[in-house]
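Written out below as structure tokens is the structure these notes cover.
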Amino acid sequence: MPAPILRVAVPSPVARLFDYRNPQLLDIPIGARVRVPFGHRTITGLVLETAEHSDYPSAQLKAIKKPLDSESLLTPTLLHLLQWSAAYYHYPIGMVVQTLLPNLLNHGKAAKLEQIQRWQLTEAGKTATPPSNAHKQQRILNLCQSPKTDALLREQGIAKADLKKLEQYGWLKAESDYSLPKNGENPDAPHKLNAEQQHVMDKINRESGFRCCLIDGVTGSGKTEIYLQLIQRQLELGKQCLVLIPEINLTPQTLSRFQARFRQPIAVLHSKLSNQQRLQAWLLARAGLCPIVLGTRSALWTPLPNLGLIIIDEEHDHSYKQQSGFYYSARDLSIVLAKQCQIPVVLGSATPSLQSLHQVAQGRYQHLHLSKRAAGANMPDYHLLDLRQKNLNQGLAQPLITAIEQCLAQQQQVLVYINRRGYAPTYMCHDCGWICDCPHCHAHQTYHAEDKHLHCHHCGYRQAVPNECPDCQSQSLRCVGYGSERISQILTDLFPQARILRIDSDSTRGKFTLGKMLEQIHRGEVDILVGTQMLAKGHHFPKVSLVAVLNVDNGLFSVDFRAAERMAQGLIQVAGRAGRAEIKGKVLIQTHHPEHLILNTLVTQGYAGFAKVALEERELTQLPPYHFLALLQVQAKKLERLQAFLAQAHQLAEPYCQHFAVELLGPLDAPMALRAGFHRGQLLLQAPKRANLHQVLDAWLAALNQIPKRGIRWQLDVDPQDLY
Ligand code: ADP
Ligand code: ZN
Ligand code: ZN
């Protein structure tokens with residue numbers, strides 16, 4: 001018997017469900033959308049509970065306008081994940097729904113797969129002879145000798161009515177299909193696994209049910225090959241697989257390897273899809289028509305009724321954490337989902353997150369190693385280049401220049417890694433010390449030489465380059481420091497014969513630019529690659545035998561406690577690009593701090609050694625993964641408003657924190673205290689027990705929600721990746 005009350009998640013900051021009447025007692029399942037009146041508008045909400053009675057006076061209850069779905073849009077496990085994550089991240093459930101559903105579904109569009117029609121000749125059509133003056137009919141018959149889609153025929157000026165007429169004559173027939181993504185007709189054969197890979201495969205396949213396996217394998221050790229074979233096995237069992245990767249646009253190779261291996265259609269979900277493409281891919285997966293879903297963070301929310309395996313590639317990557325609105329971690333939630341589905345989840349990385357390594361140490365994840373490169377290449381050697389008291393040739397140490405020379409002489413490629421785009425990070429007056437800052441942020445503007453201007457990378461503000469100092473009118477204005485543009489310029493001057501290619505977000509702006517550049521590199525048309533972290537991800541550059549890392553020191557002394565972890569991961573990842581084929585790679589790292597413990601351990605003992613030291617440090621300083629954090633981020637145009645709110649929030653939190661033994665830190669300035677015209681401050685909660693932290697958050701947020709938000713905005717980040 002359908003229930004008279006529906007509890008509906010609507011996109012509202014109020015963190016609860018809203019009750020609506022179902023006066024006609026329509027049969028509306030949980031997980032279906034309904035149109036409901038909300039304020040003065042009619043909006044789309046998702047039914048999450050039903051009830052016989054409401055706690056609200058019935059006079060206040062409005063009736064739903066109409067149901068949109070006759071069945072649940074989501075699987076029961078996703079419905080569980082939705083509720084779980086709203087509670088865990090303390091984010092309004094209606095806003096969670098809005099984040100996870102494809103946009104068009106949020107806007108009330110029907111959850112219906114688009115079909116395309118293909119027209120082709122019938123047996124009769126093949127021998128049909130239209131009257132000699134029926135030119136159009138003849139043309140249609142000619143066109144439809146092989147199947148043609150509606151859209152294509154329309155482009156040829158043929159209307160549906162013309163086609164229908166020939167269908168009536170029995171000359172044409174139409175077949176509808178979902179235009180599934182097409183993969184290889186002749187799929188690539190799987191590699192025969194080496195002993196290490198086979199061992200990992202067997203371990204993962206040995207048991208069924210929920211398990212979290214961490215494949216800790218150096219770059220090129222054959223992790224992707226294992227994913228492909230794990231998926232193959234699931235497909236044979238009739239199951240679906242979800243594969244998350246950090247960024248599809250940066251790693252087109254991963255996608256093409258998947259497409260070349262499987263005949264089955266792959267639904268690809270990433271941020272560059274149009275709304276319609278996203279909806280179609282989502283619905284195809286939901287209907288079980290695409291057994292493989294490959295996508296970035298948000299693909300986690302694809303309903304897969306028959307899910308058998310989840311794979312998180314490059315699990316350490318920070319893009320798995322959403323950094324606005326609903327601050328969820330797709331990596332962490334995938335584990336919750338796998339548990340709910342009772343299936344294995346496989347995390348893979350050459351540089352596992354400290355969090356995952358800690359879980360391994362606690363016995364919660366299974367640790368699986370791949371220590372050798374699958375294709376037989378050697379691991380690179382690391383060398384620190386001590387910059388202290390050395391003469392630098394425009395930011396480059398002499399031994400580095402010599403090494404580049406040698407590498408070029410041997411016709412091999414060089415990769416120069418500089419984690420900064422633009423020409424120079426600072427533009428300064430040599431006479432008075434004035435620095436061109438962003439008027440809206442506490443940050444310097446970056447000098448871009450290519451289309452000469454100054455640019456703030458934090459808020460996007462741009463301005464023309466001044467000819468004289470605004471403070472002292474001097475004309476001796478200088479660029480200080482190095483970005484990727486400047487390094488390419490310097491290398492061009494030093495090695496005029498070398499073909500130099502710069503890869504960063506400025507140089508790869510066009511849709512196909514990056515792909516074309518990668519092809520150029522693979523064809524050997526490039527001698528020196530200069531790039532930012534874009535180059536550190538997933539690419540295979542078999543001819544690169546020297547990697548030069550220019551500014552590693554930034555990561556050693558940052559205010560952000562994760563900076564060292566990120567530096568280490570970036571360095572190992574970029575080093576992993578070197579010497580993947582027959583040549584042994586060499587990695588040269590310029591530093592002013594060659595004795596720094598973290599850097600040294602990394603270089604002498606590799607990532608595992610680094611991770612051990614870094615984890616000890618985290619334990620000592622009571623930071624994650626040993627303790628748990630939540631960050632209240634507040635911003636306001638007016639500084640007084642910010643300070644008043646932070647003081648009030650602090651006061652409200654204090655008694656709860658004391659009661660539950662949670663440490664309350666702050667109010668603190670955000671690392672960037674002014675950004676895009678907003679003053680930013682934060683309160684940090686730190687707790688040895690996760691449960692305690694969440695008890696404080698429950699009580700505290702309820703109280704915070706009572707304070708009118710005059711001129712301020714706040715948001716909560718549970719398990720923050722970055723200090724705000
Ligand atoms: P990872 O994902 O760990 O970086 P890949 O799976 O991409 O490693 O493997 C690196 C290279 O080695 C790829 O070119 C891949 O085709 C190849 N490869 C992987 N496994 C094998 C194997 N068992 N035998 C031969 N080549 C392999
Ligand atoms: Zn000046
Ligand atoms: Zn700015």
Side-chain angles (χ1 to χ4, degrees), residues 188-201 214-231 243 245-246 251 253-258 260-261 311-315 346-352 368-379 425 427-446 454-463 466-478 480 522 536-542 572-573 575-582 672-680:
D188 286 353
H191 283 291
K192 177 158 176 27
L193 297 181
N194 62 34
E196 257 191 339
Q197 283 174 313
Q198 191 60 52
H199 179 73
V200 169
M201 270 293 277
L214 174 67
I215 307 185
D216 183 348
V218 297
T219 19
S221 59
K223 296 184 291 297
T224 310
E225 184 60 37
I226 293 179
Y227 306 153
L228 293 169
Q229 300 201 17
L230 287 169
I231 292 169
V243 184
I245 62 178
T251 53
Q253 290 162 340
T254 307
L255 176 59
S256 35
R257 264 175 86 186
F258 274 74
R261 180 65 63 90
I311 292 170
I312 315 288
D313 189 25
E314 309 289 0
E315 65 88 26
V346 173
L347 311 180
S349 177
T351 53
L368 304 169
H369 291 276
L370 292 176
S371 60
K372 295 189 294 288
R373 285 189 167 175
N378 294 309
M379 294 308 291
Y427 191 58
M428 191 171 113
C429 170
H430 190 51
D431 288 343
C432 78
W434 168 85
I435 289 178
C436 184
D437 283 330
C438 174
H440 309 294
C441 304
H442 280 182
H444 303 327
Q445 291 200 60
T446 301
L454 287 153
H455 188 180
C456 172
H457 289 176
H458 303 283
C459 72
Y461 177 80
R462 288 166 76 108
Q463 72 174 68
N467 293 321
E468 57 174 41
C469 171
D471 284 0
C472 76
Q473 280 71 49
S474 154
Q475 297 197 346
S476 32
L477 296 173
R478 305 256 165 105
V480 181
H522 285 286
K537 302 205 176 186
H539 305 291
H540 301 236
F541 301 125
I572 300 281
Q573 293 283 344
R577 310 298 128 214
R580 295 177 68 103
E582 58 287 348
M672 188 167 295
L674 179 73
R675 181 170 177 166
F678 284 89
H679 296 278
R680 294 142 49 91

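Just so you know, ligand 1 is whichever comes first in the structure, and atom 1 is the first atom listed for that ligand. None of the values given here were measured: they were computed from a predicted structure.
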Problem set entry | Region of Glu225 engaging ligand 1 - heavy atom pairs below 4.0 Å | both
Exercise. Does ligand 1 have any atom that is closer than 4.0 Å to a heavy atom of Gly217?
Worked result: no
For this session: Please answer whether the main-chain N or O of His191 pairs with a side-chain N or O of Gln229 as donor and acceptor at a distance below 3.5 Å.
Result: yes
Exercise. Any N/O/S atom, backbone or side chain, of Cys459 lying under 2.8 Å from the Zn ion (ligand 3)?
Worked result: yes
For this session: For ligand 1, note which part of Asn194 has a heavy atom under 4.0 Å away: side chain, backbone, both or neither.
Result: backbone
Exercise. Quick check: does His430 have an N/O/S atom under 2.8 Å of the Zn ion (ligand 2)?
Worked result: no
For this session: Ignoring angles and geometry beyond distance, decide whether His191 reaches within less than 3.5 Å of ligand 1 through its nitrogen or oxygen atoms.
Result: yes
Exercise. Looking only at heavy atoms of Arg373, does any of them come nearer than 4.0 Å to an atom of ligand 1?
Worked result: no
Problem set entry | Option set Gly222, Pro190, Ala195, criterion heavy-atom distance to atom 9 (O) of ligand 1, minimum | Gly222
Problem set entry | Numbered atoms and elements of ligand 1 in range of Arg257, under 4.0 angstrom, heavy atoms | 5 (P), 6 (O), 7 (O), 15 (C), 16 (O)
Exercise. What atoms in ligand 1 come closer than 4.0 Å to a heavy atom of Lys192?
Worked result: 22 (C), 23 (N), 24 (N)
Problem set entry | Modelled atom types, side-chain donor and acceptor of Gln197 and Glu225, under 3.5 Å | no
Exercise. Can an N, O or S atom be found in Cys441 less than 2.8 Å away from the Zn ion (ligand 3)?
Worked result: yes
Exercise. Is any N, O or S atom of Cys438 under 2.8 Å away from the Zn ion (ligand 3)?
Worked result: yes
Problem set entry | Whether Arg675 side chain and Cys459 backbone form a donor-acceptor pair below 3.5 Å | no
Exercise. Tyr427 vs Trp434 aromatic rings, parallel, tilted or perpendicular, using cut-offs 30° and 60°?
Worked result: perpendicular
